[in-house]
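Below is one structure, written out as structure tokens, with a few remarks after it.
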Amino acid sequence: MNNDPNDETMDNLQETNSFWVLIFDVLYLITTRFFDLINEANNERNQLEEKMQNRTSNDSIIKLAKISKNFVVILTHINANVMALDSLKLYEHRLSTNLKFTPDESEHLNDVLVEAKQSQEMVQLYSSITDKLTNNYNNLINNNLNNVMKFLTIYSIVLTVPTIITGFYGMNVKLPFADSPFAWIITILITIFFSLLVWQILKKNNLM
């Protein structure tokens, strides 16, 4: 029995077509799976953002940074897929190559490429939002810390005045009003006066 070379060529072509369709279908499933990962990470970010609106903590910032890292990892894989698909599409249109896709295969390739680029744009957007949120909350925590340190510094300065005055009157030396029966009242009044004076100086220089 003689085999027709044309029939053998057609069989090989069908096998090749089926192979590429299968490859593109698998790539399509893998690409669409990225959408689940992206949405999962984005939902986690939204839940964390709601909690951070009530209370911002270092632990929340660390979790947000971890989500940002997950987006970067996902984006790295998606970029690699897009580059591979673009290269395959470019390689197909080269005249020097023997790789020629059927219309059905080209359609499958385009579908995969569209999904890959959509997932790429989506993860880039979510990653950018996450990075901005992380920076904003970091700035908020730093600002709160600065306010606390400012508060403590101001009150430390104000409370230094009574310490200095009472320190003087605790010495065994001649001081004004030390022999008066109302010395302790006078000391309190002097302390209040200088404390208010320091307070006004700080307030006038916008340090409060």
(message) Which heavy atom of Leu48 sits nearest to which heavy atom of Leu64, and what is that distance?
(response) CD2-N, 3.5 Å

(message) Quick check: is Val73 connected to Ile129 through a chain of hydrophobic side chains (ILVMFWY, heavy atoms under 4.5 Å apart)?
(response) no

(message) For Asp131 versus Ser68, what's the shortest heavy-atom pair and its separation?
(response) OD1-OG, 2.5 Å

(message) Could you tell me if the side chain of Glu115 sits less than 4.5 Å from the side chain of Leu27, heavy atoms only?
(response) no

(request) Show your reasoning for whether side chain to side chain contact (heavy atoms under 4.5 Å, CB included) applies to Ile190 and Phe193. (result) CA-CA 5 Å; Ile190 294 173; Phe193 171 77; 5.6 Å; no

(message) To check you understand the geometry: which heavy-atom pair defines the closest contact between Ala116 and Val82, and what is its length?
(response) CB-CG2, 3.7 Å

(message) Taking Ile157 as the starting point, is it possible to reach Tyr155 by hopping between hydrophobic residues whose side chains are less than 4.5 Å apart?
(response) yes

(request) Find out whether Ile61 and Met52 are in side-chain contact, i.e. whether some heavy atom of one side chain is under 4.5 Å from a heavy atom of the other. (result) yes

(request) Drop me the distance from Asn135's CG to Thr130's OG1, to the nearest 0.5 angstrom. (result) 11.0 Å

(request) Taking all non-hydrogen atoms of both residues into account, name the closest pair between Phe71 and Ile38 and its distance. (result) CE2-O, 3.9 Å

(request) Taking the six-membered ring for Trp and the single ring otherwise, decide whether the centroids of Trp199 and Phe194 are under 6.0 Å apart. (result) no

(request) Indicate, with yes or no, if Leu29 and Leu109 share a hydrophobic cluster defined by side-chain heavy-atom contacts under 4.5 Å among Ile, Leu, Val, Met, Phe, Trp and Tyr. (result) no

(message) Contact between Thr31 and Tyr28 at the side-chain level, heavy atoms closer than 4.5 Å - yes or no?
(response) no

(request) With rounding to the nearest 0.5 Å, note down the distance linking CG in Asn136 to CG in Asn143. (result) 12.0 Å

(message) So Met122 and Asn42, do their side chains get closer than 4.5 Å, heavy atoms only?
(response) no

(request) State the NE2-CG distance between His108 and Leu113, to the nearest 0.5 angstrom. (result) 14.5 Å

(request) Nearest 0.5 Å please: distance from the OG atom of Ser119 over to the CZ atom of Phe34. (result) 7.0 Å

(request) First locate atom CD1 of Ile74, then atom CD of Gln124, and finally report the distance between them rounded to the nearest 0.5 Å. (result) 12.5 Å

(request) With the side chain counted from C-beta on, respond yes when Lys150 and Ile154 share a heavy-atom pair under 4.5 Å apart, and no when they do not. (result) yes

(request) Using the side-chain contact (heavy atoms from CB on, under 4.5 Å) rule, pick out the option among Asn81, Asn79, Leu125 that qualifies with Gln120. (result) Asn79

(message) Restricting to non-hydrogen atoms, name the atom on Ser195 and the atom on Val158 that form the minimum distance, rounded to 0.1 Å.
(response) OG-O, 3.9 Å

(request) Could you give me the CA-CA distance, side-chain angles and deciding distance for Asp36 and Glu40, then say whether side chain to side chain contact (heavy atoms under 4.5 Å, CB included) is met? (result) CA-CA 6 Å; Asp36 297 333; Glu40 182 180 341; 5.9 Å; no

(request) Find the distance between CG (Leu133) and OG (Ser128) and round it off to the nearest 0.5 Å. (result) 9.5 Å

(message) Test side chain to side chain contact (heavy atoms under 4.5 Å, CB included) on Lys63 and Ile67; report intermediate values, then the result.
(response) CA-CA 6 Å; Lys63 289 181 179 179; Ile67 294 174; 5.5 Å; no

(message) Between Glu49 and Arg45 (salt bridge meaning N to carboxylate O under 4.0 Å), is one present in this structure?
(response) yes

(message) Before you tell me yes or no, could you show the steps for Glu107 and Phe24 under side chain to side chain contact (heavy atoms under 4.5 Å, CB included), namely the whole-Å CA-CA distance, both residues' side-chain angles and the distance that decides it to 0.1 Å?
(response) CA-CA 10 Å; Glu107 183 179 355; Phe24 294 147; over 6 Å; no

(message) To check you understand the geometry: which heavy-atom pair defines the closest contact between Ser156 and Leu152, and what is its length?
(response) OG-O, 2.6 Å

(message) Through direct or indirect side-chain contacts below 4.5 angstrom among Ile, Leu, Val, Met, Phe, Trp and Tyr, which residues connect to Leu145?
(response) Met149

(request) Please check if Val72 and Tyr126 belong to a single hydrophobic cluster, counting links between Ile, Leu, Val, Met, Phe, Trp and Tyr side chain heavy atoms closer than 4.5 Å. (result) no

